[in-house]
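Report on one structure; see the data block that follows.
Letters A, B, ... are given to chains in the order of the sequence lines, protein chains preceding strands, and every chain is numbered from 1. Quick caveat, the model's predicted, so the values are computed rather than measured.
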Amino acid sequence: MPEKVRTVFADSDDEKVAKTKVLPQPTEEPERKKKRNKKRKLDEPEVSNPADQDVPKEIAVPVKEVEKAVPVPKKRAETVSQTNGAPSSKSYPKSKSRPFTDTKTNFTPLREKAKALLETRRKLPVFENADLIRDLLRAQDVMLLVGETGSGKSTQIPQFLVDEFWCRPVPTQITRDGKTEKKMVGGCIAITQPRRVAAISLARRVAEEMGTPLGSHSPASKVGYSVRFDTSTSPSTRVKFLTEGMLLQEMLHDPNLTKYSAIVVDEVHERGINVDLTLGFLRNLVSGKKEGRGGVPLKVIVMSATADMESLTDFFQQGLKQPEAQQKAIESAEADADKMDTSSPKDISVCRIKGRQFAVKTIYSPAPVHDFVDAALKIIFQIHQKEPMPGDILVFLTGQETVEALEHLVNEYAMSMDPSLPKILVLPLFAALPQAAQQRVFAPAPPRTRKVVLSTNIAETSVTVSGVRHVIDCGKAKVKQFRTRLGLDSLLVKPISKSAAIQRKGRAGREAPGQCFRLYTEKDYLALDETNTPEILRCDLSQALLNMKARGVDDIVGFPFLTRPPREALEKALLQLLNINALEDDGKISAVGLHIAKLPLTPTLGRVLLAAAENGHECLLDVIDIISCLSVENIFLNTTSEEKKEAAEAARRDLYRREGDHLTMLMTVRVYAAEQADRKAWAERHLVSHRAMQSVMDVRKQLRTQCRQAKLLTNEALNNTSLHDPSPILILQSFLAGFATNTARLVPDGSYRTIVGNQTVAIHPSSVLYGKKLEAIMYNEFVFTNRSYARGVSAVQMDWVGEALAGKD
DNA sequence: GAGCACTGC
């Protein structure tokens with residue numbers, strides 16, 4: 001450990017001194033600092049009396065003693081209750097407040113609740129490992145933790161660690177480019193999640209357990225979260241749940257994560273591309289010499305539900321065991337290199353935690369199943385007739401199509417069912433289902449009714465349905481795979497992995513013992529892949545590579561990939577980045593690339609945005625509207641019934657544009673944004689997804705703000721509410737700057753062939769140009785399902801395509 | 001004539 005660090009830790013044995021001085025400073029961004037400085041003036045007199053600071057005291061208390069450690073002075077509680085519920089955004093009390101105490105919020109009920117929750121927490125399997133985990137992390141920087149679902153790891157681990165000595169902010173001096181800068185390092189724990197809802201709900205739960213308000217509700221809140229469009233933190237946030245993408249974004253601005261003492265990477269087994277990137281960057285951080293953190297180590301806790309930890313251990317061990325000589329050579333240039341610690345323990349601990357699952361009996365199909373919809377139907381009624389109530393059924397299917405097919409069959413059969421049997425309530429569940437319909441699966445079944453939830457793999461990870469005791473697993477799922485050579489995404493039904501099968505089965509044992517019917521043979525099961533194919537092997541890598549380049553990782557081949565993508569895929573992505581001028585010829589990131597990397601868009605859409613900026617404010621605003629639609633799920637709802645369909649077609653007619661889907665989207669955003677009375681009703685009338693449109697408006701707002709900050713848009717242009725006539729030519733030409741290779745021309749037989757590659761492609765039936773014959777088309781997506789489809793299609797002229805393609809060489 | 005699931009200052 002570096003000497004200066006050790007000194008500070010020694011000082012901080014005196015809790016009061018360390019906390020009062022140190023706690024406030026490290027985690028804040030300039031904006032927040034401003035706000036707080038204002039407040040600090042009012043607070044000044046109280047700061048000098050550390051004994052009066054109940055908030056820091058609470059931090060020093062070991063987890064186990066929380067319940068006796070939070071006495072609230074009665075007098076205070078009374079004062080507070082008068083103002084209970086007042087919004088925290090208002091000014092804070094003048095005389096009584098101190099830094100990070102919030103007398104506007106009544107903490108008493110929060111603490112009472114936390115006290116009550118402690119009993120539940122103690123029963124979690126992970127709780128008995130608390131001391132072990134703390135001990136191991138005092139000695140080592142990296143820990144791998146296998147915890148089955150229900151072990152409580154996501155909520156408890158941060159609470160075990162937040163009071164550790166190494167989790168305090170440390171004043172350091174950081175030397176960069178010859179300049180020495182004083183900086184606080186550490187103090188905060190980040191826990192990453194693959195999904196936004198998970199990040200938010202975990203934060204809410206942990207705040208309750210810690211007896212603190214959540215996020216920005218109070219400046220004293222110690223638990224916050226950060227997801228796109230929704231960040232809720234306070235100056236005293238010490239535990240922060242965020243999405244992986246958000247942490248990557250933070251790393252773009254602070255590559256050394258100086259706010260944090262520890263990063264907990266949760267749900268690693270899901271292996272999204274963002275988690276792979278995060279782990280790569282973190283490995284570089286823990287194995288590097290940490291001079292960007294003033295020598296303060298960063299603890300990394302990697303958590304996974306599946307026991308496939310060998311590859312992770314190797315991954316981090318290789319990083320830590322990099323030849324000392326190599327490190328020394330780099331360090332020798334540093335003035336204080338000799339103070340750096342190279343003898344800290346390099347081992348990685350692995351900790352396994354039992355889950356809290358009930359036994360689930362597995363029943364395999366005796367013979368291969370050809371029609372899993374039919375097989376599922378039989379088993380549903382078999383269960384319903386034999387098994388006692390309660391006990392809902394969850395069926396895993398591949399997609400909306402099979403879900404709806406089975407839904408009809410079950411409902412049909414149920415009508416001729418013995419009336420003495422309990423009723424059956426069939427509930428479909430898939431992502432494209434409107435929110436209200438999704439909510440129905442969470443409501444308990446009515447009396448004498450068995451719920452049968454027919455789901456895509458949304459219920460495998462994202463959504464937990466309670467009451468389920470019987471799972472039927474078709475053994476398949478739709479998987480998106482990017483095919484490098486063809487440059488297209490395919491969405492095909494594939495067998496799931498063993499770990500996914502186990503995950504699905506586990507859904508039957510959350511509340512009681514259950515059973516899982518697998519619609520495949522045991523032999524088939526044994527032949528399945530062990531784990532899901534990591535997303536990094538299945539997707540277009542251009543965005544990931546641009547992200548790395550923006551962080552100064554120029555040697556892509558030398559980057560520590562947990563799973564290395566094939567060379568061909570990397571090369572293709574680099575070529576694509578070169579094509580849109582995001583990279584210089586030598587492979588270094590260009591100014592354009594750096595700009596694109598900061599946008600929450602794919603590199604191609606980012607390139608389009610920059611191209612539109614060159615075509616004037618009006619064009620840029622229009623292109624932002626369109627890009628917002630393209631980066632959101634489908635904004636047009638699927639029509640189920642024929643009558644509805646016709647009504648929708650009629651209502652949508654005034655939105656449709658003959659130029660294609662891009663201009664149609666622009667019209668939709670314009671009309672929706674102009675709708676002042678009732679946007680929801682408008683959306684329903686036009687069979688437009690209100691939920692999707694809300695995200696569109698969020699993205700639009702975010703992009704407009706970013707463009708203003710980048711001086712691509714002026715406030716004037718943004719505030720000008722009078723609508724201009726869009727220029728389809730400028731808009732579509734802007735798109736061609738990114739999508740010149742996503743074009744096809746009409747050939748004499750009436751079909752379309754891609755201009756690059758000469759492959760057959762058909763206009764997707766969801767397009768407004770479906771069935772139209774045009775000289776040439778440009779499309780947003782090239783997808784293979786039953787055949788090759790172009791989605792998000794507009795008409796373009798061959799000479800524009802030619803110009804755009806020529807511009808690349 | 002068609003849409004697995006996630007995600008980004």
Between [X] ([atom1]) and [N] ([atom2]), how many Å, whole number?
X        : N     : atom1 : atom2 : answer
A:Phe241 : B:dT7 : CZ    : C1'   : 18 Å
A:Arg504 : B:dA5 : CZ    : C1'   : 11 Å
A:Ile273 : B:dG8 : CD1   : P     : 15 Å
A:Ile458 : B:dC6 : CD1   : C1'   : 10 Å
A:Glu535 : B:dA5 : CD    : P     : 14 Å
A:Asp489 : B:dA2 : CG    : P     : 18 Å
A:Asp230 : B:dT7 : CG    : P     : 13 Å
A:Leu546 : B:dG8 : CG    : C1'   : 13 Å

Check side-chain hydrogen bond (donor to acceptor under 3.5 Å, both in side chains) between A:Lys498 and all other residues, then give those that pass, not counting sequence neighbours.
A:Glu530
Under 4.0 Å between a Lys/Arg side-chain N and an Asp/Glu carboxylate O for A:Lys505 and A:Glu460?
no
Between A:Lys240 and A:Glu250 (salt bridge meaning N to carboxylate O under 4.0 Å), is one present in this structure?
yes
Using a cut-off of 4.0 Å on non-hydrogen atoms, how would the nucleic acid contact of [X] be classed: base, sugar-phosphate, or nothing?
X        : value
A:Thr785 : sugar-phosphate
A:Leu599 : base
A:Ala431 : sugar-phosphate
A:Leu491 : base
A:Val493 : nothing
A:Arg228 : base

From the list [options], which nucleotide is the closest neighbour of the side chain of [X]?
X        : options             : result
A:Thr602 : B:dG1, B:dA5, B:dG8 : B:dG8
A:Asn786 : B:dG3, B:dA5, B:dT7 : B:dG3
A:Gln543 : B:dC9, B:dA5, B:dG8 : B:dG8
A:Arg195 : B:dG8, B:dC6, B:dA2 : B:dC6
A:Ser766 : B:dG8, B:dC9, B:dA2 : B:dA2
A:Gln249 : B:dA2, B:dA5, B:dC9 : B:dC9
A:Val227 : B:dA5, B:dC9, B:dG8 : B:dG8

Looking at [X], I'd like to know whether one of its side-chain N or O atoms comes within less than 4.0 Å of OP1 or OP2 on [N].
X        : N     : value
A:Arg271 : B:dC6 : no
A:Thr243 : B:dG8 : yes
A:Thr456 : B:dA5 : yes

Taking C-beta and beyond as the side chain, do A:Phe735 and A:His662 meet within less than 4.5 Å on heavy atoms?
yes
If each of A:Gly399 and A:Leu601 is mapped to the nucleotide of DNA chain B with the nearest heavy atom, which maps nearer the 5' terminus, i.e. the 5' end?
A:Gly399
Using heavy atoms to find the nearest nucleotide of DNA chain B for A:Ile596 and A:Thr398 separately, return the residue whose nucleotide is more 5′.
A:Thr398
Is it the case that the side chains of A:Ser497 and A:Thr531 hold a donor-acceptor pair, with the cut-off being a distance below 3.5 Å and no angle test?
no
A:Arg753 versus A:Thr760, side-chain donor and acceptor atoms under 3.5 Å
yes
The criterion is side chain to side chain contact (heavy atoms under 4.5 Å, CB included); which residues satisfy it with A:Phe442, sequence neighbours excluded?
A:Gln439, A:Val463
For A:Arg700 and A:Ile624 the tightest heavy-atom approach is O-CG2, 4.0 Å
So, with a heavy-atom separation below 4.0 Å from DNA chain B, the residues of residues 700-708 of chain A are A:Gln702, A:Gln706
When rounded to the nearest 0.5 angstrom, what distance separates OG in A:Ser631 from CD in A:Gln702?
9.0 Å
